[in-house]
> 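Attaching a single structure in structure tokens format; questions to follow.
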Amino acid sequence: MSTLEEESDAFARRISDAVSAFIGDTVPFKATSSGSRFVVSDDTDGIVIPVGEVGTLALEVNYRCELDGAGRYLKVLSSKVAVYAGSRPKGDPLFRYEYVYDQGEGLPAGHLHVHAHRDQFTRVMTLAGVSGAARRQAAPDAELEAARMSRIHFPTGGHRFRPTLEDVLQMIEEEFGAKPGPTWPQVLRANRVQWRRQQTGAAVRDCPSEAVRVLEELGYGVRPPAEGPAPDRDDRLAAY
């Protein structure tokens with residue numbers, strides 16, 4: 001078995017474990033060879049998520065993978081996580097998160113698409129309220145307010161990897177045709193590099209053991225401080 005196949009199988013098992021733990025039943029995932037790459041996807045006719053007593057959502061998940069340049073680690077070329085109203089992943093989803101490694105110029109590598117109309121979200125949110133979902137509960141005279149689409153909180157990367165103001169401004173330029181000033185490309189690049197360097201440092205402080213592992217793998221020598229290595233902050237790593 002090749003390293004790519006081994007890594008893809010291990011990734012499929014990890015994804016299966018996560019989805020199975022959420023569903024409360026075994027949801028198999030498979031790694032399928034596609035030339036020099038592997039596709040990791042669920043081995044079902046659709047992952048069904050019950051919502052209360054009467055509603056269902058369907059989940060579609062797939063990853064396209066290859067080995068990285070060093071030939072050691074799995075690299076995700078593209079991913080899709082889509083949520084549909086109903087029991088089958090057919091038609092347009094409510095929304096989908098996607099990542100594309102070699103994304104075209106002017107498009108974000110990681111992004112969120114919202115397909116559903118407001119009424120479709122309202123129906124699903126109302127079912128969630130009936131099922132007892134805490135965030136969908138409301139006072140007797142405010143049921144419609146609790147089912148507003150604007151009440152949904154889409155996750156966007158947590159503390160360290162959230163979108164920035166510059167990301168939103170570039171989206172306005174690329175998607176809506178705004179015309180930035182002449183210095184914008186330089187400012188965008190400088191600010192984005194500074195932000196990501198800053199957040200890389202913050203991520204290292206959250207998980208110094210991983211930083212040490214990667215640096216040593218790259219050939220650096222790392223000496224722990226006299227008082228001992230700094231602990232990893234699992235609370236930050238696990239934060240929503």
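No experiment lies behind these values; they were computed from the predicted model shown.
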> Side-chain donor-acceptor pair under 3.5 Å between Arg64 and Ser78, yes or no?
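Checked: Arg64/Ser78 side chains pair up, N/O donor to acceptor below 3.5 Å.
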
> Rounded at 0.5 Å granularity, tell me how far CZ in Arg205 sits from OG1 in Thr200.
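Output value for this atom pair is 10.5 Å.
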
> Looking only at heavy atoms, which two atoms of Pro155 and Tyr240 are closest? And how far apart?
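Nearest pair, atom of Pro155 first, then Tyr240: CB-CE1, 3.9 Å.
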
> Considering only heavy atoms from C-beta outward, does the side chain of Val76 approach that of Glu66 to under 4.5 Å?
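No, every pair of side-chain atoms sits at 4.5 Å or beyond.
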
> Where the side chain of Gln199 meets the backbone of Arg160, is there a donor-acceptor pair that is under 3.5 Å apart?
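Side chain of Gln199 to backbone of Arg160, a donor-acceptor pair under 3.5 Å: yes, one is there.
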
> Can you name the nearest heavy-atom pair linking Gly46 to Pro89, along with the distance?
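Of all heavy-atom pairs spanning Gly46 and Pro89, the closest is CA-CD, 3.8 Å.
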
> In the single-linkage hydrophobic clustering (I, L, V, M, F, W, Y; side-chain heavy atoms under 4.5 Å), do Leu215 and Val204 co-cluster?
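No, no single cluster joins them.
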
> Let me know which of Val212, Leu237, Asp234 forms a side chain to side chain contact (heavy atoms under 4.5 Å, CB included) with Cys207.
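Among Val212, Leu237, Asp234, the one meeting side chain to side chain contact (heavy atoms under 4.5 Å, CB included) with Cys207 is Leu237.
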
> Using every non-hydrogen atom in the two residues, find where Leu94 and Ala85 come nearest and quote the distance to one decimal.
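Scanning both residues, the minimum pair turns out to be CG-N, 3.9 Å.
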
> Could you check whether the rings of His113 and His115 sit parallel, tilted or perpendicular, using 30° and 60° as the cut-offs?
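Ring orientation of His113 relative to His115: tilted.
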
> Quick check on the hydrophobic clustering: are Phe11 and Leu59 connected, directly or via other members, by side-chain heavy-atom contacts under 4.5 Å?
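Both belong to a single hydrophobic cluster.
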
> Could you grab the distance from atom CG of Asn191 to atom CD of Gln186, nearest 0.5 Å is fine?
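Atom-to-atom, Asn191:CG and Gln186:CD are 11.5 Å apart.
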
> Applying the 4.5 Å side-chain criterion to the ILVMFWY set and letting contacts propagate, would Phe161 and Tyr101 be lumped into a single cluster?
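No, no single cluster joins them.
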
> Distance check, rounded to the nearest 0.5 Å: Glu60 atom CD versus Lys80 atom NZ?
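Those atoms lie 4.0 Å apart.
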
> I would like to know whether Glu166 and Trp195 meet side chain to side chain contact (heavy atoms under 4.5 Å, CB included); could you show each step before the answer?
CA-CA 10 Å; Glu166 289 81 2; Trp195 165 256; 5.9 Å; no

> Does a donor on one side chain and an acceptor on the other come within less than 3.5 Å for Asp17 and Ser20?
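No pair is found: no donor N or O on one side chain lies under 3.5 Å from an acceptor on the other.
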
> With a 4.5 Å heavy-atom cut-off, do Lys30 and Ser41 have their side chains touching?
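Yes, their side chains come closer than 4.5 Å.
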
> In terms of hydrophobic clusters joined by side-chain contacts under 4.5 Å, are Val114 and Met171 together?
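In one cluster: no.
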
> Is it the case that more than 12 heavy atoms not belonging to Asp235 sit under 6.0 Å from its CG atom?
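Yes, CG of Asp235 has more than 12 neighbouring heavy atoms, counting only those of other groups under 6.0 Å.
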
> To the closest 0.5 Å, what do you measure between CZ (Arg233) and CG (Asp206)?
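Here the interatomic distance stands at 5.5 Å.
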
> Taking the side chain as everything from C-beta on, heavy atoms only, tell me whether Leu169 gets closer than 4.5 Å to Asp167.
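Of all side-chain heavy-atom pairs linking Asp167 with Leu169, none is under 4.5 Å.
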
> Using the rule side chain to side chain contact (heavy atoms under 4.5 Å, CB included), only one of Thr56, Ile47, Ile49 pairs with Ser87; which is it?
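Testing Ser87 for a side chain to side chain contact (heavy atoms under 4.5 Å, CB included) against Thr56, Ile47, Ile49 leaves exactly one candidate, Thr56.
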
> Does Arg189 have more than 12 heavy atoms from other residues, nucleotides or ligands lying within 6.0 Å of its CZ?
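12 or below, so no.
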
> Determine, step by step, whether Val39 and Arg37 satisfy the side chain to side chain contact (heavy atoms under 4.5 Å, CB included) criterion, reporting the C-alpha distance in whole Å, the side-chain angles of both residues, the deciding distance to 0.1 Å, and the verdict.
CA-CA 7 Å; Val39 175; Arg37 296 164 179 168; over 6 Å; no

> Is it true that, when you exclude Tyr73 itself, more than 12 heavy atoms of the residues, nucleotides or ligands shown sit nearer than 6.0 Å to its OH?
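Yes, the 6.0 Å shell around OH holds more than 12 heavy atoms from other groups.
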
> Should Leu112 and Tyr99 be counted in the same cluster of Ile, Leu, Val, Met, Phe, Trp and Tyr side chains packed under 4.5 Å apart?
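Yes, Leu112 connects to Tyr99 through the hydrophobic network.
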
> Taking Arg72's backbone N and O only, do any of them form a donor-acceptor pair with Asp68's side chain (distance below 3.5 Å, no angle check)?
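Indeed, once roles are kept as given, a pair shorter than 3.5 Å links the two residues.
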
> Please report the C-alpha distance between Leu107 and Val100 in whole Å, then the side-chain angles of each, then the deciding distance to 0.1 Å, and finally whether the side chain to side chain contact (heavy atoms under 4.5 Å, CB included) criterion is met.
CA-CA 9 Å; Leu107 294 172; Val100 181; over 6 Å; no

> Is atom CD of Glu105 surrounded by more than 12 heavy atoms (other residues, nucleotides or ligands) closer than 6.0 Å?
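No - once you tally the heavy atoms of other residues, nucleotides and ligands closer than 6.0 Å, there are 12 at most.
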
> Identify the heavy atoms of Leu67 and Gly71 that sit nearest to each other, and give their distance.
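Taking every non-hydrogen atom into account, CD1-O, 3.6 Å.
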
> At what distance, to the nearest 0.5 angstrom, does CG of Asp45 lie from NZ of Lys90?
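Reported value, rounded in 0.5 Å steps: 12.0 Å.
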
> Is there side-chain contact between Tyr63 and Val81, with heavy atoms separated by less than 4.5 Å?
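They are in side-chain contact.
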
> If you round to the nearest 0.5 Å, how far is CZ of Arg14 from CZ of Phe29?
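One gets 11.0 Å once the value is rounded to the nearest 0.5 Å.
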
> Over all heavy atoms of both residues, which pair between Val27 and Ser16 is shortest? Give the atoms and the distance, please.
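Answer, listing the atom of Val27 first, then Ser16: O-OG, 2.6 Å.
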
> Under a 4.5 Å cut-off applied to non-hydrogen side-chain atoms, are Pro208 and Asp232 in contact?
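Yes, side chains in contact.
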
> Using the side chain to side chain contact (heavy atoms under 4.5 Å, CB included) rule, take Phe38 and Leu74 through it: C-alpha gap first, then chi angles, then the decisive distance, then the call.
CA-CA 10 Å; Phe38 270 78; Leu74 198 66; over 6 Å; no

> Please report the closest heavy-atom contact between Arg88 and Tyr84, naming both atoms and the distance.
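It is O-CB, 4.0 Å.
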
